Amino acid sequence: METQELLNLCFSNKIPDVFLLQEPYLKKGKVIGFPLNWRIVAALNGKAIIIIRNKNLSILTRCVSQNTVIADISDGTQTITVVSVYIPHSSNKNSGILKFEDIFRNINFSHILIGGDFNMRHELWGPEIHNHRISDQAAPLVSFILKYGLIIWNDKDSEPTFETVNGKSITTLLCPLPTWLTRKLAGKS
């Protein structure tokens, strides 16, 4: 989720319990603009954060790196691992994905949701691309998705989460394929 989209959501009556946010507003390196009773776990550069609004949810921080934050969120009966990741626009995308993969493959989880601003565009997650070379830049992320059996959980036809005169983008949500579907696709019953 992009910061500008969050303002619209907070003025509706459907406020989520957990946010995975990239590029939040920062002042002197600190995340600003959220109620003080909301818990925030931020990556070292502050560009990727997890926000927990619901005080009844517990949080266990698993990893904090330069561009990634990973935490377990639990309601006491179920736990989900959530990941917020930011790969800078100006960075080498292959290197960024390799760094993220090093972190990813070293965590154990049963349920996971990844929200990221990977700064890579591809027709799989939108928005529509008219220049195939831009899509080719997303090859490292597409390979990562395929390697770990992840599914893209956003609608490529939805409105962009970020838009300027220079372009538009959609924050990417990823989650693993359910075990039963993975087995079915592999031809196992």
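Everything numeric here is computed off the predicted structure, so don't read it as measured data.
Evaluation of the side chain to side chain donor-acceptor pair (under 3.5 Å) rule for K147 yields E101 as partners, not counting sequence neighbours. When the salt bridge (Lys or Arg N to Asp or Glu O under 4.0 Å) test is applied to D75, no partner is found at least two apart in sequence or on another chain. A search for salt bridge (Lys or Arg N to Asp or Glu O under 4.0 Å) contacts involving R62 returns D72, not counting sequence neighbours. Among residues two or more places apart in sequence or in another chain, the side chain to side chain donor-acceptor pair (under 3.5 Å) test is passed with D102 by R105. K28 is linked by a salt bridge (Lys or Arg N to Asp or Glu O under 4.0 Å) to nothing, counting only residues two or more places apart in sequence or in another chain. Residues that satisfy the side-chain contact (heavy atoms from CB on, under 4.5 Å) test with S58, not counting sequence neighbours, are S74. Partners of L146 according to the side-chain contact (heavy atoms from CB on, under 4.5 Å) rule, which considers only residues two or more places apart in sequence or in another chain, are V142. In this structure Q66 satisfies the side-chain contact (heavy atoms from CB on, under 4.5 Å) test together with L44, N45, sequence neighbours excluded.
Between the side chain of N119 and the backbone N or O of I87, at least one donor-acceptor pair lies under 3.5 Å. Distance alone, capped at 3.5 Å, is enough to place a donor-acceptor pair between the S91 side chain and the P88 backbone. One N or O on the side chain of S84 and one on the backbone of L21 form a donor-acceptor pair closer than 3.5 Å. In this structure a side-chain-to-backbone donor-acceptor pair under 3.5 Å is missing from Q22 to F118.
Atom NZ of K93 has more than 12 heavy atoms from other residues, nucleotides or ligands within 6.0 Å.
Sorted by first and then second residue, the salt bridge (Lys or Arg N to Asp or Glu O under 4.0 Å) pairs with a member in residues 33-49 form an empty list; sequence neighbours excluded.
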May I have the step-by-step check of ring pair (Phe, Tyr, Trp, His ring centres under 6.0 Å) for F144 and F104, ending in yes or no?
CA-CA 10 Å; F144 175 81; F104 182 82; 5.2 Å; yes

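Note that CG of N37 and CG of N54 are 10.5 Å apart. Values are rounded to the nearest 0.5 Å.
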